[in-house]
Amino acid sequence: MYILGIESTAHTFGVGITDGNRILSNERDTFMPKKGGIVPREAAKHHYRKAPEIIKSALESAGISLQQVDMFAVSQGPGILSCLKAGVSVGVFLSRKYKKPIIGVNHCIGHIEIGRLMTGFNDPVILYVSGGNTQIITYLNKRYAVFGETQDIGVGNLLDRVGRMLGIPFPAGPEIERLSNGGREYIRFPYTIKGMDVSFSGIETYVKNIIGIKRREDVCFSLQETVFSMLIEASERAMAYCGKTSLIITGGVAANSRLNEMGKRMCAQRGAEFRALDKEYTGDNGAMIAYTGYLMMNEGKTEIRPRPRFRTDVVEINYR
Amino acid sequence: MIRIATGAEAELYKEDGVIIKDRVKKRYRIRELDEALRISRNAREFAIMKRCHESGIDTPRPIKLDIKGRIYMENIAGYPLSSKFSSKNMGKVADMLWRLHSLGIVHGDPTTANMLVSRGRVFLIDFGLSFYSKRAEDRASDLFLLKKALASKHPEQAKIAYKKFISRYKKNSGKEFKPILSHLRDMETRRRYYESY
Ligand SMILES: Nc1ncnc2c1ncn2[C@@H]1O[C@H](COP(=O)(O)OP(=O)(O)OP(=O)(O)O)[C@@H](O)[C@H]1O
Ligand SMILES: [Mg+2]
């Protein structure tokens, strides 16, 4: 059977197709704002505009037609309402037109499931780091329970805000990573960890005060070292607390190679397993929605609507 | 010397009935940061454990901090509350946490893995993230972390356990409870992606 998944929670519109065993295609287009951060209405417009061609190319690379799709899956949230509406309405339209069932998927669980598929790890701790999300998750009693999270802003947002202070265009992650390679001096930023939670607001304030005084390279280097050490420490605490022996890092920020290196070193030291995910599947993508839709096929039917604040731990997991 | 546990940060050994806690070098962190964190946490943990023990809070008796930063302490023969959880202990946890807070100390990592049950008592351990504060906000943070640790690790018993805990903590803290509660509510609503409908 074929499942077509649609992702549109933020600035990426993605479509993926799976047969349940393999990912057959994974196409996407990311809205790049001319200036500043993401503008919800503009991003949504982008998604509606791009939807037909991305669906078409996903079908082509999978070598199937729309008539052959057996089920549609859409990302319901969490995310930006206007962006979510785009993906959900496209999915609902296709499901009605082709008279095939549709299923709603939690975006965070999508990241988790594609990570499990790609690494083969059965019961990992998941460090999920993107623009708006920073969570440390693991499976427990039919839920993906959130053990740790940010108490203020998401790590991607922090990188983008610091990027803006340094005059780096959105999204700032890649340029911060590049600059950090030229770092020579480690500046001690506030390091705030509370149990398995982290907090970044102190870092943002601190950076404001040293902009123009310290070298950009050193700011980026120190920012990465501090923030990623906090995230890896919190992940290790969750692994110790839950007795889990593997780690997956996913979400947009998982594209950073220093973060992956830290994850790998932490796991090596504690005798746990780590495998870095391919960038194709760390960022927002349609394949993860299609695959999670496949897994959730037999769960009770729920109303298909955007859920901007859809929490990871409210979904009951019966397929594991 | 035999290894008895590997925690998140530390390796724990037992020698002649004494527990040795060694915060090991973390190879994922750069040296400057790693050393700074380990040195300050070792010193803090030892000092705060000493203060607690002297004030009669159930915690292992700290013996010494050696030049390598290892902490020597009394062995508590028992088990972590996380391994055999029972909400029966929550009254004791509440008494202990309020005593700590009224001493002006915030624990910083109050999970059930950091509470050892022994001879009908609950011993608090692991003060690496502890600090001195009497602010309602910091006290609320301990309650928030405990509540989350219960909900994520012991989901079936979490509601009852937390209820037991909070009603006792409320009684203990008297007038000081109100500002703590309001900060706690704040943290809960600030929590991202709280499903609001
Ligand atoms: N005094 C003690 N007596 C008996 N067992 C102990 C004692 N101290 C620690 N333990 C055991 O060792 C485990 C880990 O100890 P601890 O929580 O101090 O280290 P940790 O979790 O690595 O510390 P951190 O959270 O700072 O990384 C405890 O859960 C407990 O089982
Ligand atoms: Mg501990």
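Because the structure is a prediction, the values reported are computed rather than measured. Quick note: numbers below take in every heavy atom, side chains included, and nothing from hydrogens, waters or symmetry partners. The sequence lines fix the lettering, A, B, ..., with proteins before strands; numbering per chain opens at 1.
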May I ask you to check whether over 12 heavy atoms, not counting those of [X], lie within 6.0 Å of atom [atom1]?
X        : atom1 : value
B:Arg185 : CZ    : no
A:Arg320 : CZ    : yes
B:Ile160 : CD1   : no
B:Lys50  : NZ    : no

Region of B:Ile30 in contact with chain A, defined by heavy-atom distances below 4.5 Å =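 Looking at B:Ile30, backbone and side chain both touch chain A.
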
Per-residue contact mode, B:Ala151 against chain A (heavy atom under 4.5 angstrom) |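 Neither the backbone nor the side chain of B:Ala151 comes within 4.5 Å of chain A.
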
Side chains of B:His154 and A:Leu140 in contact at under 4.5 Å (non-hydrogen atoms) =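 With C-beta onward as the side chain, the pair stays apart.
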
For chain B, which of A:Glu261, A:Lys264, A:Met266 has the most heavy-atom pairs under 4.5 Å?
->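 Max contact count across the listed options: A:Met266.
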
Among A:Arg143, A:Glu233, A:Arg270, A:Arg188, residue most engaged with chain B (heavy-atom pairs, under 4.5 Å) |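 Greatest number of close heavy-atom pairs with chain B: A:Glu233.
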
From CZ (B:Arg27) to CZ (A:Arg265), nearest 0.5 Å =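 It is 8.5 Å, given to the nearest 0.5 Å.
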
Mind checking the CG-OG spacing from A:Asn141 to B:Ser152? Nearest 0.5 Å is all I need.
->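 Spacing of CG (A:Asn141) from OG (B:Ser152) equals 11.0 Å.
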
Name, in order of residue number, those residues of residues 189-198 of chain A that have a heavy atom at a distance of less than 4.5 Å from a heavy atom in chain B; otherwise write 'none'.
->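 Near chain B, by residue number: A:Tyr191, A:Ile193, A:Lys194, A:Gly195, A:Met196, A:Asp197.
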
Looking only at heavy atoms, what is the nearest atom pair of [X] and [Y], with distance?
X        : Y        : value
B:Tyr28  : A:Arg258 : O-NH2, 3.3 Å
B:Ser82  : A:Tyr241 : CB-CE1, 4.4 Å
A:Ser229 : B:Arg29  : OG-CG, 3.6 Å

Proximity breakdown for A:Tyr144 and chain B, heavy-atom pairs closer than 4.5 Å =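 Nothing of A:Tyr144, per the 4.5 Å heavy-atom cut-off to chain B.
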
Taking every heavy-atom pair that is under 4.5 Å apart, which of B:Lys153, B:Glu32, B:Lys26 has the most such pairs with chain A?
->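 Heavy-atom pair counts peak at B:Lys153.
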
Check: B:Ala8 main-chain N/O paired with A:Arg237 side-chain donor or acceptor under 3.5 Å |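 Side chain of A:Arg237 to backbone of B:Ala8, a donor-acceptor pair under 3.5 Å: no, none is there.
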
